[in-house]
Amino acid sequence: MKIGVLALQGAFIEHEMILKKLGCEVAEIRQLKDLTSIEGLVLPGGESTVQGQLLLKLGLLEPLKERITKGLPVLATCAGLILLAQQIETQNTNYLGTLPVTIRRNAFGRQISSFQANAAYQGLDTFPMTFIRAPYITKAADEVQILATVNDHIVAVQWHNQIGLAFHPELTDDTRIHEEFLKLSF
Ligand code: GLN
C-alpha cells in the first residue's frame, strides 16, 4: 500500500518510519507528480501557516483538496488538522477546508504548551497522546465522530475518510492509530 506523506515542513519522518514499520510504501509529497497512485495521505504536525503557504505556492492545495473530497483517506496530526479544518478561529481563510470543524490554534495555552496525556480513544481503550502547541476543536458538525477528548476539549475526530488529531501519535511507539488509518477505504 502506497501512502503519501506531506514532506514540506514539520514532523514527517516519524510518520514515515511508522508507516514503513507497518509495511507501507511511502511517497514524500512535495510536488504534484508525487500524488500519483497514493492510496492514503498523512498531513504531519509542524507550523500550519508555513505548510499552508507552501501548499499554495507549490500548486498542491487544490489537487489535494479534490483528492480528499473524492475520498482519499487522510490522517492529519496537529498542524495537519489545522490545514484540514473548515474554519480556523480568528482567521477569515482556511487551507484545505475539507473537515467540517472549527479549530483553535495553540489552544492549550503557553503554560502547558507541551504535555502528555493517556486518554480514552474510541475503539482503542486509551492512547498515549503527546501535545505540542496543540490546537483543539471547538465546534464539529453533527456527523463528525468524536474519537477523543482531553479536559473536555475535542482532540480527535473522524469524518468519513478524514481522521484529525490534535496530538502526535508518531512520537510514541504506539502504532494503533496508524493501523486504524490504513484500514480506511472510501
Ligand atoms: N502550533 C502549530 C500551528 O499552529 C501546530 C503545532 C504542531 O503541529 N505541533 O500550526
Side-chain angles (χ1 to χ4, degrees), residues 1-48 51 55 60 63-85 96 98-99 101 114-132 134-135 137 144-150 154-186:
M1 190 170 195
K2 186 169 162 186
I3 303 295
V5 178
L6 187 68
L8 302 177
Q9 187 268 343
F12 54 90
I13 303 278
E14 292 82 354
H15 280 289
E16 290 177 16
M17 278 161 38
I18 293 192
L19 291 167
K20 284 180 186 160
K21 194 159 137 188
L22 295 174
C24 298
E25 186 189 337
V26 171
E28 293 192 340
I29 308 292
R30 296 200 179 84
Q31 49 183 319
L32 202 51
K33 71 172 173 53
D34 301 332
L35 297 178
T36 314
S37 75
I38 59 166
E39 296 159 272
L41 175 71
V42 171
L43 300 175
E47 186 52 47
S48 56
Q51 294 185 7
L55 281 179
L60 281 169
L64 279 181
K65 201 167 165 169
E66 197 186 319
R67 292 290 298 272
I68 295 169
T69 308
K70 285 187 176 156
L72 181 70
V74 187
L75 175 65
T77 60
C78 208
L81 169 61
I82 297 169
L83 294 182
L84 281 188
L96 294 160
T98 52
L99 182 65
V101 300
S114 298
F115 65 100
Q116 300 211 323
N118 209 39
Y121 186 103
Q122 195 167 320
L124 298 181
D125 189 15
T126 60
F127 195 89
M129 303 177 184
T130 302
F131 293 85
I132 303 169
I137 289 169
V144 173
Q145 207 186 341
I146 314 259
L147 301 174
T149 59
V150 166
I154 302 169
V155 295
V157 294
Q158 180 172 351
W159 188 62
H160 305 293
N161 54 319
Q162 304 176 56
I163 298 176
L165 312 173
F167 55 91
H168 290 266
E170 78 285 6
L171 299 182
T172 62
D173 309 326
D174 197 322
T175 58
R176 290 176 298 159
I177 291 180
H178 287 79
E179 288 170 51
E180 291 298 304
F181 159 63
L182 294 175
K183 288 183 203 156
L184 293 178
S185 66
F186 284 85

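Reckoned from all heavy atoms, side chains included, excluding hydrogens, waters and symmetry mates.
Screening Leu43, Ile177, Leu81, Leu184 for a side-chain contact (heavy atoms from CB on, under 4.5 Å) involving Leu75 leaves a single residue, Ile177.
Counting only residues at least two apart or in different chains, salt bridge (Lys or Arg N to Asp or Glu O under 4.0 Å) contacts with residues 28-40 comprise Glu28-Arg30. Within the structure, the ring pair (Phe, Tyr, Trp, His ring centres under 6.0 Å) test picks out no pair touching residues 19-44 (sequence neighbours left out). Pairs engaging residues 17-43 under the ring pair (Phe, Tyr, Trp, His ring centres under 6.0 Å) rule: none recorded [sequence neighbours left out].
Residues meeting the side-chain hydrogen bond (donor to acceptor under 3.5 Å, both in side chains) test with Glu66, sequence neighbours left out: Lys70. Residues that satisfy the side-chain contact (heavy atoms from CB on, under 4.5 Å) test with Leu22, not counting sequence neighbours, are Ile18, Thr175, His178, Glu179, Leu182. Applying the salt bridge (charged side-chain N to carboxylate O under 4.0 Å, His left out) rule to Glu16 yields no partners; only residues at least two apart in sequence or on another chain are considered. Residues meeting the side-chain contact (heavy atoms from CB on, under 4.5 Å) test with Glu25, sequence neighbours left out: Lys2. In this view, Gln51 and Gln9 satisfy the side-chain hydrogen bond (donor to acceptor under 3.5 Å, both in side chains) rule, not counting sequence neighbours. For His168, the ring pair (Phe, Tyr, Trp, His ring centres under 6.0 Å) criterion is met by no residue, not counting sequence neighbours.
Listed here is the closest heavy atom pair of Ala27 and Ile38: CB-CG2, 4.2 Å. Across all their heavy atoms, Ala166 and Pro135 have their closest contact at CB-O, 3.1 Å. Smallest separation of non-hydrogen atoms from Thr149 and Ile154: CG2-CA, 4.1 Å. Across Ala134 and Cys78, no two heavy atoms sit closer than the pair CA-SG, 4.1 Å. For the residue pair Ser48 and Ala79, the shortest heavy atom distance occurs at N-CB, 3.7 Å.
The line from CG of Leu41 to CZ of Arg67 is 9.0 Å long, rounded to the nearest 0.5 Å. Atoms CG and CD, on Leu165 and Gln158 in that order, are 10.0 Å from each other to the nearest 0.5 Å. Within the model, atoms CZ of Phe181 and CG of Asn161 stand 10.0 Å from one another, a figure rounded to the nearest 0.5 Å.
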### Task
For side chain to side chain contact (heavy atoms under 4.5 Å, CB included), just list the numbers for Leu55 and Leu6, CA-CA rounded to whole Å, side-chain angles, deciding distance to a tenth of an Å, and then say yes or no.
CA-CA 9 Å; Leu55 281 179; Leu6 187 68; 3.8 Å; yes

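Residues Ile68 and Leu84 have side chains in contact (heavy-atom distance under 4.5 Å, counting atoms from C-beta outward). Residues Leu64 and Leu83 form no side-chain contact, since every pair of their non-hydrogen atoms from C-beta on lies 4.5 Å or further apart.
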Would you list the atom pairs, donor with acceptor, under 3.5 Å between side chains in residues 116-132 and any protein atom, with sequence neighbours excluded?
unit_1: Gln116; atom_1: NE2; unit_2: Thr130; atom_2: OG1; d: 3.0

